[in-house]
Amino acid sequence: MTDATKKKIIVSGIQPSGNLHLGNYFGAVQQFIQLIREGHDCYYFLANYHALTSLHEPGRLLELTHSTAADYIALGLDPELAAIYVQSDLPEVCELQWLLTTVTPMGLLERCHAYKDKIAQGLSSDHGLFAYPVLQAADILIVRADCVPVGQDQRQHIEVTRDIAGYFNRLYGELLTVPEAYIPESVAVVPGCDGRKMSKSYHNTIELFAPEEEVRQQIFSIVTDSASLKEPKDPDKSMLYAVLKLFCTEEEKAYWRDRFTSGGLGYREVKQAIFDLYMRLFEPMRARRRELDSQPEYIDEVLRRGAEKARKIARPLVAEVRAAMGIPNR
Ligand code: TYM
């Protein structure tokens, strides 16, 4: 963050539409934790309304919402320091979304990638996917957030949020805080096992809490070229190095860069190193996650408290917005 001395309001969310993976960790959760440690006022939620745009299995959505909350805690989001909640436990979000849709130009949403890509592929879309960015804007604006830590793929959504806040403020007065995205360059896009962006929908993920053997298989499935063991390799063109360096200290990066460029380094050795570094980082979190399996009431309590805290900001914010727009607050 640019000005770490000023206490800011931070918000971000993850869709509970699949199991968390390295892209979610390095692109988002790592920054969530950093911002808690810097002493900011943090709000982290599970975007279950957003997940409904792709997941239509009620039992699975319920289960994933609960288990992703446990994942958050196991990864180090301390519920004593940050509000952790489920999007749908903040009913004010949907109300704010409607109010914001009335100042959102169609063209702004027509340019958004998820919707545009679907239409370009000749697939039919639905209103949920079209309105998705307005709901995301409501998530952010409702807690008066200054800063939103996300991966690169979410940059456009933060820009849309800024635009919508601007349209609203020009029409009704400077009520909404215009937020900034926080996207550190080094982790903006984590590549998946097939070289595309790591994503639940591409089935190319390395998961955070899958059984050890599955994680090993996922890591060993990272695509490589056919260079021989002897050949020197360019780390900057290597997918394996792109994943490996996420786990490395500066010294370890220098060591591996040297090993890549000197020749004599086989891809199996690098994959084993990624696996070992993965375990070094995640094993304590995976152990904590196993403990949380037997504490569903604790997770529910954390989510209740988190929603309560967020609603303390959300209720008066929505009341102010309603009043500014000419909707009575009785
Ligand atoms: P979602 O659930 O797709 O992803 C959650 C977070 O993980 C980041 N991420 C990645 N970062 C780097 N490399 C990758 N391969 C990678 N894959 C995922 C995402 O950028 C994101 O930060 N629309 C959001 C959820 C959302 C939200 C919000 C976020 C709803 N409301 C309000 C912030 C604020 C989404 O689909 O994220």
Side-chain angles (χ1 to χ4, degrees), residues 12-31 46-47 50-51 53-57 60-61 63-64 67-68 71-72 75 113-118 120-121 123 129 132 149-157 183-227 233-248 256 260 266-279 281-282 285-286 289:
S12 198
I14 296 183
Q15 295 189 64
S17 53
N19 298 326
L20 292 189
H21 53 75
L22 289 186
N24 298 132
Y25 183 76
F26 289 108
V29 175
Q30 184 177 249
Q31 284 66 254
L46 290 323
H50 279 112
T53 60
S54 62
L55 181 59
H56 301 120
E57 296 166 53
R60 182 149 165 76
L61 179 57
E63 189 192 305
L64 276 169
S67 73
T68 310
D71 296 348
Y72 268 14
L75 290 171
H113 297 309
Y115 173 75
K116 214 168 85 176
D117 293 351
K118 206 156 185 183
Q121 287 169 41
L123 299 170
L129 191 68
Y132 184 114
V150 283
Q152 178 66 34
D153 60 334
Q154 295 298 312
R155 187 184 288 281
Q156 188 185 42
H157 287 153
I183 308 176
E185 216 30 67
S186 56
V187 287
V189 184
V190 174
C193 298
D194 59 359
R196 294 185 289 173
K197 183 196 85 160
M198 186 175 288
S199 166
K200 290 159 211 164
S201 40
Y202 296 156
H203 306 290
N204 64 356
T205 61
I206 297 169
E207 292 178 22
L208 303 182
F209 296 107
E212 192 168 322
E213 207 30 56
E214 240 171 81
V215 171
R216 177 186 291 280
Q217 278 168 18
Q218 289 168 350
I219 290 172
F220 276 75
S221 77
I222 298 174
V223 289
T224 50
D225 58 27
S226 54
K233 301 165 181 79
D234 182 350
D236 296 322
K237 294 202 177 115
S238 163
M239 263 271 302
L240 275 185
Y241 182 74
V243 176
L244 177 73
K245 73 175 184 201
L246 295 167
F247 295 93
C248 288
W256 283 108
F260 267 78
Y267 290 135
R268 273 198 73 79
E269 185 185 342
V270 186
K271 288 179 177 179
Q272 183 60 44
I274 293 175
F275 179 77
D276 294 342
L277 289 165
Y278 171 104
M279 282 301 166
L281 176 64
F282 290 117
M285 306 177 199
R286 290 161 60 88
R289 181 66 187 81

Whether [X] side chain and [Y] backbone form a donor-acceptor pair below 3.5 Å:
{"X": "Thr205", "Y": "Glu207", "result": "no"}
{"X": "Lys200", "Y": "Gln15", "result": "yes"}
{"X": "Asn204", "Y": "Lys197", "result": "yes"}
{"X": "Lys118", "Y": "Leu123", "result": "no"}

Checklist line | Heavy-atom pair with the smallest gap, counting every atom of Gln31 and Pro184 | finding: CG-CG, 3.7 Å
Next item on the list: List the steps, then state whether side chain to side chain donor-acceptor pair (under 3.5 Å) holds for Gln272 with Asp276.
Entry: CA-CA 6 Å; Gln272 183 60 44; Asp276 294 342; 3.0 Å; yes
Notebook entry, point to check: Quick check, are the ring centers of Phe26 and Phe247 under 6.0 angstrom apart?
Noted result: yes
Check: Are the side chains of Ile274 and Ile206 in touch, meaning some heavy atoms are under 4.5 Å apart?
Finding: no
Next item on the list: Classify the angle between the aromatic ring planes of His50 and Tyr132 as parallel (below 30°), tilted (30 to 60°) or perpendicular (above 60°).
Entry: tilted
Check: Can you tell me if CZ on Arg268 sees more than 12 non-hydrogen neighbours from other groups inside 6.0 Å?
Finding: no
Note to self: Would Lys233 and Val270 count as a side chain to side chain contact (heavy atoms under 4.5 Å, CB included) here? Give the steps.
What the structure shows: CA-CA 12 Å; Lys233 301 165 181 79; Val270 186; over 6 Å; no
Margin query: Could you check whether Lys237 makes a cation-pi contact with Phe260, meaning its NZ or CZ is under 6.0 Å from the centre of the six-membered ring and within 45° of the ring axis?
Written below: no
Next item on the list: Decide side chain to side chain donor-acceptor pair (under 3.5 Å) for Asp225 and Tyr267; before the verdict, give the C-alpha distance in whole Å, the side-chain angles of both, and the deciding distance to 0.1 Å.
Entry: CA-CA 9 Å; Asp225 58 27; Tyr267 290 135; 2.6 Å; yes
Notebook entry, point to check: What's the spacing between Glu213 CD and Gln218 CD if we round to 0.5 Å?
Noted result: 10.5 Å
Next item on the list: Please step through side chain to side chain contact (heavy atoms under 4.5 Å, CB included) for the pair Leu208 and Arg289, ending with a clear verdict.
Entry: CA-CA 10 Å; Leu208 303 182; Arg289 181 66 187 81; over 6 Å; no
